[in-house]
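All remarks here apply to the structure that follows.
The figures here come from the full heavy-atom set of this structure, side chains too, leaving out hydrogens, waters and symmetry mates. Just follow the structure's listing: the first ligand is 1, and inside any ligand the first atom is 1.
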Amino acid sequence: MGDSVCYKILKEHLVEGTLTRGNEIGIRIDQTLTQDATGTLAYLQFEAMKIPRVKTDLSVSYVDHNTLQVGFENADDHKYLQTMNANYGIYFSKAGNGICHQVHLERFGKPGATLLGSDSHTPTGGGIGMIAIGAGGLEVAVAMGGGPFYMTCPSVISVNLTGKLRPWVSAKDVILKVLEILTTKGNVGCVVEYTGKGVKTLSVPERATITNMGAELGVTTSVFPSDEITKEFLTAQDRADAWKEILPDEDAEYDKVIDLDLTEIQPMAACPHSPDNVKNISELKGMKIDQVAIGSCTNSSYKDLMTAAEILKDKKVNPDISFIVAPGSKQVFEMIAENGALLELIKSGARIMESACGFCIGAGQSPVSDAVSLRTNNRNFLGRSGTESAGIYLVSPETAALSAIEGKLVDPLDYPESDYPVIAIPEKFSIDDSMILEPLPEGKNSEIERGPNIGDPPFTTPLMDEITGIIGLKVGDKITTDHIMPAGQRLKYRSNIPKYAEFVFENVDGNFSKRTFENKNNNVFTAILGGESYGQGSSREHAAICPMFLGVRLVFAKSFERIHSSNLINFGILPLIFENPADYDSLNMSDEFIATYLRKQVKEKETIVVNIAGKNYTFKLFASRRQRKILLEGGLLNYTRSHI
Ligand code: MIC
Ligand code: SF4
């Protein structure tokens with residue numbers, strides 16, 4: 001049997017283990033990326049490893065999440081990143097240069113290379129044939145130090161594309177369809193690979209929309225082949241030398257094949273409050289809307305914004321709507337400014353935002369109470385927009401722009417095909433990397449600036465042999481890291497763990513943080529009780545670090561998502577899966593637990609027994625052999641230090 005694109009790249013990067021599905025493997029990482037909201041901790045932890053300079057081919061640090069700089073905190077973070085990066089061989093993309101995934105695709109991504117990013121949407125790079133994976137900041141720090149990245153050798157799901165998208169139907173609708181089929185649960189340990197004749201009908205930005213939002217499936221990553229279309233894109237970015245062809249073998253082996261006829265895809269929307277709660281627009285049309293936002297790393301490319309601008313040309317946005325547009329990068333921004341499309345958007349009534357994450361992460365533009373907001377981003381978790389009572393619908397730029405004019409959700413298929421603006425990929429993108437600062441040459445150093453917002457890297461201790469405590473919270477299925485560690489207004493505390501920890505589970509149980517921390521000070525530790533797919537969504541390791549700081553030591557759940565479970569282990573928290581899922585029902589908040597001989601159990605036993613409310617319960621520890629050692633040492637930082 002031949003190889004898929006995924007296995008071709010993995011084979012070239014394998015440094016530990018064998019490529020047997022389900023095994024843990026270690027791969028060499030060529031490139032890393034971080035963003036400001038996860039970057040400060042990643043770099044503080046990198047400094048703590050005492051490695052003088054990154055060992056990757058390329059490491060880039062982006063400032064895109066929190067660019068508002070309300071108060072000194074963000075600005076301090078950015079200054080620390082800039083000065084730290086200069087000293088350690090890391091490129092620094094300044095605030096305003098754009099969203100990490102969009103800029104990385106444009107300026108640095110390389111077919112066939114591996115990319116590890118401290119952001120769950122790093123798989124955007126799969127759009128040009130990279131194996132691009134999201135992970136916690138500490139794992140990215142280890143990769144920057146030259147350490148392998150460990151992952152489950154994946155099962156590969158082939159999405160076999162045939163046909164061609166009809167006018168008004170777009171890449172966003174394709175990934176929404178895939179989410180409808182595969183859902184956000186149960187795909188841990190898989191990679192989605194796009195194959196078939198339909199692939200060549202999709203441009204790189206369209207492919208990148210699909211791999212970007214593939215993150216919502218909970219898969220390790222998604223990947224497209226690198227073909228002539230990829231070459232054209234890279235050539236237009238003046239990077240033709242980065243191209244190489246990577247196609248699957250004719251007889252490539254896939255674990256599952258999903259056939260998708262692009263011609264059949266309908267305009268779709270992900271309804272509140274999950275990206276897989278997908279409906280056809282035809283079922284929803286007519287719904288009154290309050291806000292429309294176009295942008296984010298999913299849909300803010302030149303093509304996306306040009307499409308919106310063409311639709312809005314000589315039209316006005318409905319007076320009841322707040323209409324927001326955020327270009328994905330300085331490149332996109334410059335190009336739409338140069339060709340007049342920006343003027344069309346402004347004239348239509350758009351509020352133009354900086355090239356940054358902004359509304360997507362609730363950093364501004366929170367909708368009005370009870371709003372219906374149409375957005376082109378990738379996540380619509382409850383409260384993420386900053387407005388608890390709002391319902392967020394995730395749609396394509398086409399649906400968003402047309403609906404903004406009408407003030408209600410419309411079906412693009414009701415418009416004449418001949419009106420559809422066909423936007424070609426430019427032969428040459430506008431290139432100006434002046435907002436990307438090069439690091440200092442090797443051997444040269446300058447001062448690293450640490451303002452008062454820059455704390456110390458988090459400190460953990462080796463696993464205790466006996467832990468007593470209580471179940472501090474019982475939650476349901478699909479708890480996201482946005483539930484655990486809210487972003488939005490709280491983002492500015494990302495570099496200050498004691499402060500940020502005050503907001504753990506803020507929107508689920510406002511008293512959780514205070515009571516958990518008080519308990520810890522009385523030696524009463526905390527376990528969280530969760531349902532299916534605990535820890536969906538973002539890669540933010542704060543969703544592990546801050547609970548750890550408060551005294552959380554165990555999480556009991558029916559299942560875990562990949563990035564979050566690794567983050568838990570990396571900060572010394574045990575992810576424990578019920579052997580008998582029905583046990584979840586018999587346990588409650590405030591039940592007392594005692595875990596004994598824990599070190600011996602973690603070292604030697606397949607399953608872990610914990611006594612809860614006077615009865616023994618059995619769990620599977622969701623950790624590899626290597627991760628068990630990490631747990632015993634109290635986390636990845638301790639483990640890495642002792643293994644350097
Ligand atoms: C997100 O989309 O949730 C984020 C913000 O980009 C996160 C990272 C973070 O929380 O800092 C992600 O996707 O990993
Ligand atoms: Fe930024 Fe939103 Fe993309 Fe996350 S999903 S990287 S917050 S634009």
Determine the interplanar angle of the Phe622 and Phe560 rings, folded into 0 to 90°, and report it as parallel if under 30°, tilted if 30 to 60°, perpendicular if over 60°. parallel

Evaluate the ring planes of Tyr493 and Phe503, with Trp represented by its six-membered ring, and classify them as parallel (under 30°), tilted (30 to 60°) or perpendicular (over 60°). parallel

Atom [atom1] in [X], atom [atom2] in [Y]: separation rounded to 0.5 Å?
X      : Y      : atom1 : atom2 : value
Phe108 : Asp30  : CZ    : CG    : 14.5 Å
Thr211 : Glu193 : OG1   : CD    : 12.5 Å
Gln82  : Ser61  : CD    : OG    : 9.5 Å
Thr221 : Met151 : OG1   : CE    : 8.5 Å

Counting heavy atoms only, which part of [X] comes closer than 4.0 Å to ligand 1: side chain, backbone, both or neither?
X      : value
Ile361 : side chain
His65  : side chain
His101 : neither

Ligand 2-proximal atoms of [X], by part, heavy-atom distance under 4.0 Å:
X      : result
Asp64  : neither
His101 : side chain
Arg379 : neither
Arg384 : side chain
Asp119 : side chain

Between Phe517 and Phe549, is the ring centre distance below 6.0 Å? yes

Leu550 and Phe512, any side-chain heavy atoms less than 4.5 Å apart: yes

Could you check if a side-chain atom of Thr67 sits within less than 4.5 angstrom of a side-chain atom of Val63, using non-hydrogen atoms only? yes

Just jot down the ligand 2 atoms closer than 4.0 angstrom to any heavy atom of [X], in number order.
X      : result
Asn378 : 5 (S)
His121 : 4 (Fe), 5 (S)
Ile361 : 7 (S)

Nearest neighbour in protein (non-hydrogen) for atom 8 (S) of ligand 2: Cys297 N, 3.3 Å

May I ask you to identify the nearest protein heavy atom to atom 7 (S) of ligand 2, giving residue, atom name and distance to one decimal place in Å? His65 NE2, 3.5 Å

Are any of the N or O atoms of [X] closer than 3.5 Å to those of ligand 1?
X      : answer
Thr38  : no
Asp482 : no
Ser118 : no

For [X], the ligand 1 atoms whose distance to one of its heavy atoms is below 4.0 Å:
X      : value
Arg384 : 1 (C), 2 (O), 3 (O)
Ala37  : 11 (O)
Arg494 : 9 (C), 10 (O), 11 (O)
Arg540 : 3 (O), 5 (C), 9 (C), 10 (O)
Asp119 : 4 (C), 6 (O), 7 (C), 8 (C), 12 (C), 13 (O), 14 (O)

Can an N, O or S atom be found in Cys360 less than 2.8 Å away from atom 2 (Fe) of ligand 2? yes

Please determine whether side-chain hydrogen bond (donor to acceptor under 3.5 Å, both in side chains) holds for the pair Tyr43 and Thr34, giving the CA-CA distance in whole Å, both sets of side-chain angles, and the decisive distance to 0.1 Å. CA-CA 9 Å; Tyr43 294 116; Thr34 57; 2.6 Å; yes

Would you say the side-chain atoms of Ser538 pair up with the backbone N or O of Thr481, donor to acceptor, closer than 3.5 Å? no

Could you check whether any side-chain N or O of Thr298 sits under 3.5 Å from a backbone N or O of Thr209, counting only pairs where one atom can act as donor and the other as acceptor? no

Do any N/O/S atoms of Cys357 come under 2.8 Å of atom 1 (Fe) of ligand 2? yes

Would the number of heavy atoms belonging to other residues, nucleotides or ligands and lying under 6.0 Å from CZ of Phe72 be above 12? yes

Which of these passes side chain to side chain contact (heavy atoms under 4.5 Å, CB included) with Thr122: Ile133, Leu116, Leu33? Leu33

Compute the minimum heavy-atom distance from Gln35 to ligand 1 and say whether it is under 4.0 Å. yes

Between Lys492 and Asp36, is there a salt bridge with N-O shorter than 4.0 Å? no

For atom 13 (O) of ligand 1, the option (of Ala487, Gly39, Ser120) bearing the nearest heavy atom: Ser120

